[in-house]
Amino acid sequence: DYRAALSWYLKAAEQGNAMGQGKLGMMHYYGFGVPEDHVEAAHWLREAAEQGEPGAAALLGALYAAGDGVEQDKVQAYVWYTLAADRGHADAQEGKQGLAEELSPGEMNDALERLADWSKRHPLPVVEEDEAVPDKAPVAQAPHHRTKQALADSHKAKKKPKRDQAEKVKQRKSKKS
């Protein structure tokens, strides 16, 4: 019953619940129980994605890539796809890879700067290695946190000049041509 779902998702969304916001955004995007409205969808998807909801971030990436409900911005699309892919969303990984081939080195640098800014504003909690994942699950399957080692590794990676990252993208593009 879409009417009941809409009512509950709206209540949850208005209280800041990321899942409710994401579901509400998807209802508006697909027109489930409401008129299809991609501008409204983008609003709720952004609210959820800002809280790290991967499905919302992936769909928001698609909206930015197509300029659907938002002004087209492939750099921002890459950012949302990356954030969703980093949280295990497979479709977002495909979108991210496709955009990586389309972005110029300057656009890729812009995307990486936006991602670095995002990480500063939304740090993942740091946990001890032995607290990282209960029940013997591999650490790679727990994207909701960073271990101290992963955090140290990410700082080492960030020290590379952005020129090198842009050059890698440029080289990949020239190999495909």
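Here the structure is a predicted model, which is why all the values come from computation and not from measurement.
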Rounded to the nearest 0.5 Å, the CZ atom of Arg46 sits from the CG atom of Leu59 at a distance of 11.5 Å
ask   = Salt-bridged, Lys74 to Glu107, with N to O below 4.0 Å?
value = no
Correct closest heavy-atom pair for Trp44 and His28 would be CD1-CD2, 4.2 Å
Rounded to the nearest 0.5 Å, the CE atom of Met27 sits from the CG atom of Asp37 at a distance of 13.0 Å
In the structure I gave you, are the side-chain heavy atoms of Tyr81 and Gln76 within less than 4.5 Å of one another anywhere? no
**Prompt:** Just wondering, more than 12 heavy atoms not from Arg3 lying within 6.0 Å of its CZ?
**Reply:** no
Check: Quick check: are there more than 12 heavy atoms from other residues, nucleotides or ligands sitting under 6.0 Å from NZ of Lys96?
Finding: yes
Atom pairs and distances, side-chain donor-acceptor, residues 8-16, under 3.5 Å, sequence neighbours left out:
none

Here the pair of heavy atoms bringing Ala84 nearest to Pro54 is CB-O, 3.3 Å
All heavy atoms of Ala77 vs all of Gly61, minimum pair found to be CB-O, 3.2 Å
So CG of Asp86 and CG of Leu115: to nearest 0.5 Å the spacing works out to 7.5 Å
Scanning both residues in full, the closest heavy-atom pair of Gly25 with Ala41 reads O-CB, 3.2 Å
Rounding to 0.5 Å, atoms CG (Leu83) and CZ (Arg114) come to a distance of 12.0 Å
- Between His38 and Asp68, a side-chain donor and acceptor under 3.5 Å: yes
In this structure, OH of Tyr78 is separated from CG of Leu99 (nearest 0.5 Å) by 8.5 Å
Membership question, hydrophobic clusters at under 4.5 Å side-chain separation (ILVMFWY): are Phe32 and Leu60 in the same one?
yes
**Prompt:** Any donor and acceptor pair, going by atom type alone, linking the side chain of Gln51 with main-chain N or O of Glu53 inside 3.5 Å?
**Reply:** no
